[in-house]
Visitor: 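The following block contains the structure, expressed as structure tokens.
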Amino acid sequence: MQLDFYVLVMRDAPNIPQLEANVIRLHRLVETAELRLTDGSAAPCSKQVKPLFRHFRRIDSCLQPRVAFRGSDEIFCRVYMPDHSYVTIRSRLSASVSDILTSVSEKLQYSEEQGQREEPLILVAVTSAGDKVLLKPDDGCIFTTLGINSHLFACNREELRSLVPLPEEVQLPPEDSHIHRIEAEDLANHLSAFHWELFSCVHELEFVDYVFHVERGRRETANLELLLQRCSEVQHWVSTQTLLCEAPARRTQLLKKFIKTAAICKQNQDLLSFFAIVMGLDNGAVSRLRVTWEKLPGKFKNLFRKFENLTDPCRNHKSYREMVSRMRPPVIPFIPLILKDLTFLHEGSKTFLDGLVNVEKMHAIAEKVRTVRKYRSSQMRLDTDVSPTHLQNKAYVRQFQVIDNQNLLFELSYKLEPNAQ
């Protein structure tokens, strides 16, 4: 009840100026309540259940600073049935598929469904495009590896073919009005602040685990995978917002805003956001909008061409590497490229030579991981305030709604400009 009231007030605040003073007061009350819940003085048997990024859209939680996840942390997660009913389970972040199915079965034994299920359950990840991935019983840490709009389904093997995405994943969301109200500078600063929090949560060893997990026999990379998911989310958010904007003039203005936002993110040395925005605008469904791009002022066209050159992967991302080498900390790097370099180092040479550790390979990997420490050797500080608009913008940036189905994005694109090439 309290959370529902808080969400409604946050949504109504932009349209009711009289609420401005009360929003700050209400936000502080929510913060105080959360701090009491997470206070270490709680009973020893109680364990905090953390809200996992994207799984529950809790505005009060998303306004709190991000904290690092560990495999032993417990979260709440929904597991759906073929008829789109669901059970909510409490699980360790590192739980295996078998553990998750055990929790689901325990929940179902109190419902009528259990009596109808004689075959053992399987766990399936279903994407918004309808693709299905059957998860193996010993797979672990699956919560953070799910796609942006993917969901877990429990069913028997006969029901596997009948699984379809949730209705909200195949229906078009309404056009977002907040993106047109927020200034490019505010948008960029909130993006950079949030991504710095996420980047700061990633332990250096997660980069090693991500590449070596097959040999190490374990994978504790939750914070790194959430950061990678966020990069993909921002990319799809840029494409989604552009294609949901039906008015041509507003759509061109939106392109200008995204290009300005990318420029400020680059100035903030937030290269993760910079890359994600440029890649979102380079999405085929957006780049084909010839009429929209032609209306863009020449200044912005030239600026975007420069950005495309910086994100060009030619010659092993030479332009990007030269740019980032001139930057001093703090820097939020383009994380996928670091992982690409580590994977190249790992797969390009053997870990053991004649029964001995390949020291040269280990030194090269350690040197690459040290760059992450260097990027975070100074704290990123951005100008922010505590106005109601600031809180609304902060909440908005941390819980994007996106379309990650490329076919659906192209459908939107062809509706906007059927004859564009």
Side-chain angles (χ1 to χ4, degrees), residues 127-131 147-150 165 168-180 182 184 187-188 191 228-266 271-315 317 319-320 334 336-337 400-421:
T127 69
S128 60
D131 299 326
I148 299 172
N149 291 328
S150 297
E168 56 264 34
E169 303 301 349
V170 295
Q171 295 173 354
L172 292 179
E175 182 180 347
D176 186 357
S177 60
H178 197 111
I179 183 62
H180 298 287
I182 186 172
L187 180 58
L191 283 170
L228 291 172
Q229 186 186 93
R230 173 62 176 184
C231 182
S232 177
E233 182 184 55
V234 174
Q235 179 182 341
H236 283 98
W237 167 73
V238 170
S239 303
T240 299
Q241 295 307 319
T242 305
L243 295 169
L244 286 178
C245 187
E246 297 183 357
R250 281 164 66 87
R251 194 160 59 247
T252 301
Q253 288 299 316
L254 196 53
L255 288 182
K256 288 174 60 177
K257 178 172 287 187
F258 282 135
I259 293 171
K260 287 173 65 176
T261 302
I264 299 170
C265 286
K266 177 175 170 287
L271 302 180
L272 188 76
S273 301
F274 171 74
F275 258 78
I277 293 171
V278 174
M279 289 190 298
L281 293 175
D282 265 335
N283 185 300
V286 176
S287 62
R288 67 169 295 278
L289 300 176
R290 179 174 52 83
V291 176
T292 304
W293 284 95
E294 284 179 352
K295 293 180 179 179
L296 198 65
K299 171 185 175 182
F300 285 90
K301 288 180 183 176
N302 293 333
L303 186 58
F304 186 65
R305 288 193 197 102
K306 291 180 181 178
F307 291 169
E308 286 182 308
N309 290 334
L310 288 173
T311 58
D312 191 341
C314 288
R315 292 185 293 176
H317 289 274
S319 298
Y320 166 80
F334 183 52
L337 188 55
F400 289 144
Q401 293 191 8
V402 306
I403 299 172
D404 64 343
N405 183 337
Q406 190 64 26
N407 292 332
L408 190 53
L409 291 175
F410 267 108
E411 285 181 23
L412 289 170
S413 180
Y414 278 100
K415 286 180 181 178
L416 295 174
E417 295 187 23
N419 300 320
Q421 295 179 353

Visitor: Is there a donor in the side chain of Asp404 and an acceptor in the side chain of Ser128, or the other way round, less than 3.5 Å apart?
Guide: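 Indeed, the side chains of Asp404 and Ser128 share at least one donor-acceptor pair under 3.5 Å.
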Visitor: Between Leu289 and Ser413, is there a side-chain heavy-atom distance shorter than 4.5 Å?
Guide: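 Yes, close enough: below the 4.5 Å cut-off.
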Visitor: Rounded to the nearest 0.5 Å, how far does CG of Leu255 lie from CG of Leu296?
Guide: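 Between atom CG of Leu296 and atom CG of Leu255 there are 6.0 Å.
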Visitor: About how many Å separate CD1 of Ile403 and CG of Leu412, when rounded to the nearest 0.5 Å?
Guide: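 Going from the CG atom of Leu412 to the CD1 atom of Ile403 covers 5.0 Å.
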Visitor: What's the shortest heavy-atom distance between Ser273 and Cys265, and which atoms?
Guide: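 For Ser273 and Cys265, the tightest heavy-atom pair comes out as CB-SG, 3.6 Å.
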Visitor: For the atom pair NZ (Lys260) and CD1 (Ile264), what is the distance rounded to the nearest 0.5 Å?
Guide: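 Answer for the NZ-CD1 pair, Lys260 versus Ile264, is 7.0 Å.
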Visitor: Looking at every heavy atom in both Ile179 and Gln241, which two are closest together, and how far apart are they?
Guide: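 Closest approach of Ile179 to Gln241: CG2-OE1, 3.9 Å.
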Visitor: For side-chain contact (heavy atoms from CB on, under 4.5 Å), just list the numbers for Arg230 and Leu191, CA-CA rounded to whole Å, side-chain angles, deciding distance to a tenth of an Å, and then say yes or no.
Guide: CA-CA 10 Å; Arg230 173 62 176 184; Leu191 283 170; 3.6 Å; yes
Visitor: Counting only N and O atoms by type, is there a donor-acceptor contact under 3.5 Å from the side chain of Asn149 to the main-chain atoms of Val402?
Guide: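 Looks like yes, one N/O pair under 3.5 Å.
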Visitor: Would you give the length of the straight line joining atom CG of Leu303 to atom NZ of Lys256, rounded to the nearest 0.5 angstrom?
Guide: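 Spacing of CG (Leu303) from NZ (Lys256) equals 12.0 Å.
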Visitor: Would you say Arg288's side chain and Asn283's backbone share a donor-acceptor pair under 3.5 angstrom?
Guide: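 Answer holds: no.
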Visitor: Roughly how far, to the nearest 0.5 Å, is the CZ atom of Phe334 from the CG atom of Leu271?
Guide: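 Answer rounded to 0.5 Å: 10.0 Å.
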Visitor: Nearest 0.5 angstrom please: Thr261 OG1 to Ile182 CD1, how far?
Guide: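 Reported value, rounded in 0.5 Å steps: 8.0 Å.
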Visitor: Under the side-chain contact (heavy atoms from CB on, under 4.5 Å) criterion, do Phe258 and Val278 qualify, and how do the steps go?
Guide: CA-CA 8 Å; Phe258 282 135; Val278 174; over 6 Å; no
Visitor: Examine distances only and state if a side-chain atom of Lys295 and a backbone atom of Pro248 form a donor-acceptor pair shorter than 3.5 Å.
Guide: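 A pair under 3.5 Å: no.
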Visitor: Looking only at atom types and distance, does a side-chain atom of Lys257 sit under 3.5 Å from a main-chain N or O of Leu187, one as donor and one as acceptor?
Guide: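 No.
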Visitor: Minimum heavy-atom separation for Lys266 to Leu310, with atom names?
Guide: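 Looking at all heavy atoms of both residues, the closest pair is CE-CD1, 3.5 Å.
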Visitor: Mind checking whether Trp293 and Phe300 have ring centres under 6.0 Å apart?
Guide: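 Aromatic pair excluded; centres sit 6.0 Å or further apart.
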Visitor: Between Glu417 and Thr292, is there a donor-acceptor pair closer than 3.5 Å when you use the side chain of the first and the backbone of the second?
Guide: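 Checked: pair present.
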Visitor: Using 4.0 Å as the upper bound for N to carboxylate O, is an ion pair formed by Glu175 and Arg250?
Guide: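 Counted as a salt bridge, because a side-chain N and a carboxylate O are separated by less than 4.0 Å.
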Visitor: Can you tell me if CD on Glu168 sees more than 12 non-hydrogen neighbours from other groups inside 6.0 Å?
Guide: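 Yes, CD of Glu168 has more than 12 neighbouring heavy atoms, counting only those of other groups under 6.0 Å.
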Visitor: If I compare all heavy atoms of Thr240 with all of Gln401, which pair ends up nearest, and what's the gap?
Guide: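 Heavy-atom minimum between the residues: CG2-O, 4.3 Å.
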Visitor: If you take the centroid of each ring, where Trp contributes its six-membered ring, are Tyr320 and Phe275 closer together than 6.0 Å?
Guide: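 Distance test on ring centres: under 6.0 Å, yes.
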Visitor: Check whether more than 12 heavy atoms from other residues, nucleotides or ligands sit under 6.0 Å from atom NZ of Lys306, and answer yes or no.
Guide: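 Result for NZ/Lys306: open.
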Visitor: Would you confirm whether Ser232, through its side chain, and Gln229, through its main-chain N or O, come within 3.5 Å as a donor-acceptor pair?
Guide: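 The answer is no, because no donor-acceptor pair under 3.5 Å joins these two groups.
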Visitor: Do the side chain of Asn302 and the main chain of Gly298 share a donor and acceptor less than 3.5 angstrom apart?
Guide: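 Checking the backbone N and O of Gly298 against the side chain of Asn302, a donor-acceptor pair under 3.5 Å is found.
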Visitor: Compare every heavy atom of Leu244 with every heavy atom of Pro174, then report the nearest pair and how far apart it is.
Guide: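 Looking at all heavy atoms of both residues, the shortest contact is O-CD1, 3.9 Å.
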Visitor: Less than 4.0 Å between a side-chain N and a carboxylate O, is that true for Lys415 and Glu411?
Guide: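 No salt bridge links Glu411 with Lys415.
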Visitor: Show your reasoning for whether side-chain contact (heavy atoms from CB on, under 4.5 Å) applies to Asn405 and Phe410.
Guide: CA-CA 9 Å; Asn405 183 337; Phe410 267 108; over 6 Å; no
Visitor: Determine the minimum heavy-atom distance between Ala285 and Leu243, stating which atoms define it.
Guide: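 The pair with the smallest heavy-atom distance is O-CD2, 3.5 Å.
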Visitor: Without swapping roles, check the side chain of Ser239 against the backbone of Gly280 for a donor-acceptor pair under 3.5 Å.
Guide: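 Yes, because the side chain of Ser239 sits within donor-acceptor range (under 3.5 Å) of the backbone of Gly280.
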Visitor: Run Glu169 and Ser150 through side-chain contact (heavy atoms from CB on, under 4.5 Å) and show every step you take.
Guide: CA-CA 9 Å; Glu169 303 301 349; Ser150 297; over 6 Å; no
Visitor: Verify the distance criterion only: is there a donor paired with an acceptor across the side chains of Arg251 and Thr242 at less than 3.5 Å?
Guide: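 Per modelled atom types, Arg251 and Thr242 side chains form no pair under 3.5 Å.
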